[in-house]
Amino acid sequence: MLDWPEYRKELVSRIGDIAKLSPDTVAGYQTLSNAGKKTGTLDAKTRELIALAVAVTTRCDGCITVHTAEALKQGASHEEIAEALGVAVALNAGAALVYSARVMDAVGAYEAKPSS
């Protein structure tokens, strides 16, 4: 697997390069990333656990390295992380099931209207 701390360091450096070339893009991203912190509705650990589940569903290694470090920093336990990842696994399975239903709907539509 990866050396995650080293990958995070390299990723942050590359994002710094992007910030030099397109500062408004990175500033916009940072605004979005920090928006949840301002409400105080969810604590930092909960936000990081959600971020880890989303990182898995979007298959983002950069998100995984950043939010794993932050979740641990915010006191997330291995069990809490595993539970959040379980939600991601279930969601991905659920999405596959929903799209399977869409395929079956398409099958029915094609059978009802044979192509010419």
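- A69 and R8 get closest at one heavy-atom pair: CB-NH1, 3.0 Å.
- Judged as a side chain to side chain contact (heavy atoms under 4.5 Å, CB included), and not counting sequence neighbours, D105 has no contacts.
- The two residues L11 and G62 make their nearest non-hydrogen contact at CD2-CA, 3.4 Å.
- Here the closest heavy-atom approach between residue S22 and residue T25 is recorded as OG-OG1, 2.7 Å.
- For the atom pair OG (S77) and CD (E83), the distance works out to 9.0 Å, reported to the nearest 0.5 Å.
- Interatomic distance, E70 CD to T68 OG1, rounded to the nearest 0.5 Å: 10.0 Å.
- The hydrophobic clustering, which links ILVMFWY residues whose side-chain heavy atoms are closer than 4.5 Å, places L49 and L72 together.
- Scored by the side chain to side chain contact (heavy atoms under 4.5 Å, CB included) test, D61 finds L2, W4, Y7, I64 as partners (sequence neighbours excluded).
- Shown here are the side chain to side chain contact (heavy atoms under 4.5 Å, CB included) partners of L42, two or more places apart in sequence or in another chain: T46, R47, I50.
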Side-chain donor-acceptor contacts of residues 32-40 below 3.5 Å, not counting sequence neighbours, with atom names and distances?
residue	atom	partner	partner atom	Å
S33	OG	Y29	O	3.1
S33	OG	Y29	OH	3.4
N34	OD1	K37	NZ	3.1
N34	ND2	Q30	O	3.0
T39	OG1	G36	O	3.1
T39	OG1	T41	N	3.3

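- For the atom pair NZ (K45) and CD1 (I81), the distance works out to 9.5 Å, reported to the nearest 0.5 Å.
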* Tell me, with the steps shown, if E48 and K73 meet side chain to side chain contact (heavy atoms under 4.5 Å, CB included). => CA-CA 10 Å; E48 293 304 329; K73 181 178 168 185; over 6 Å; no
* To do: Go through the steps for E10 and E6 under the test side chain to side chain contact (heavy atoms under 4.5 Å, CB included), then give the verdict.
  => CA-CA 6 Å; E10 290 176 23; E6 184 60 30; 3.3 Å; yes
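- With sequence neighbours excluded, no residue forms a side chain to side chain donor-acceptor pair (under 3.5 Å) with T57.
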Which pairs of donor and acceptor atoms, one on a side chain in residues 84-102, lie under 3.5 Å apart (sequence neighbours left out)?
residue	atom	partner	partner atom	Å
N92	ND2	A88	O	3.2
S100	OG	A96	O	2.7

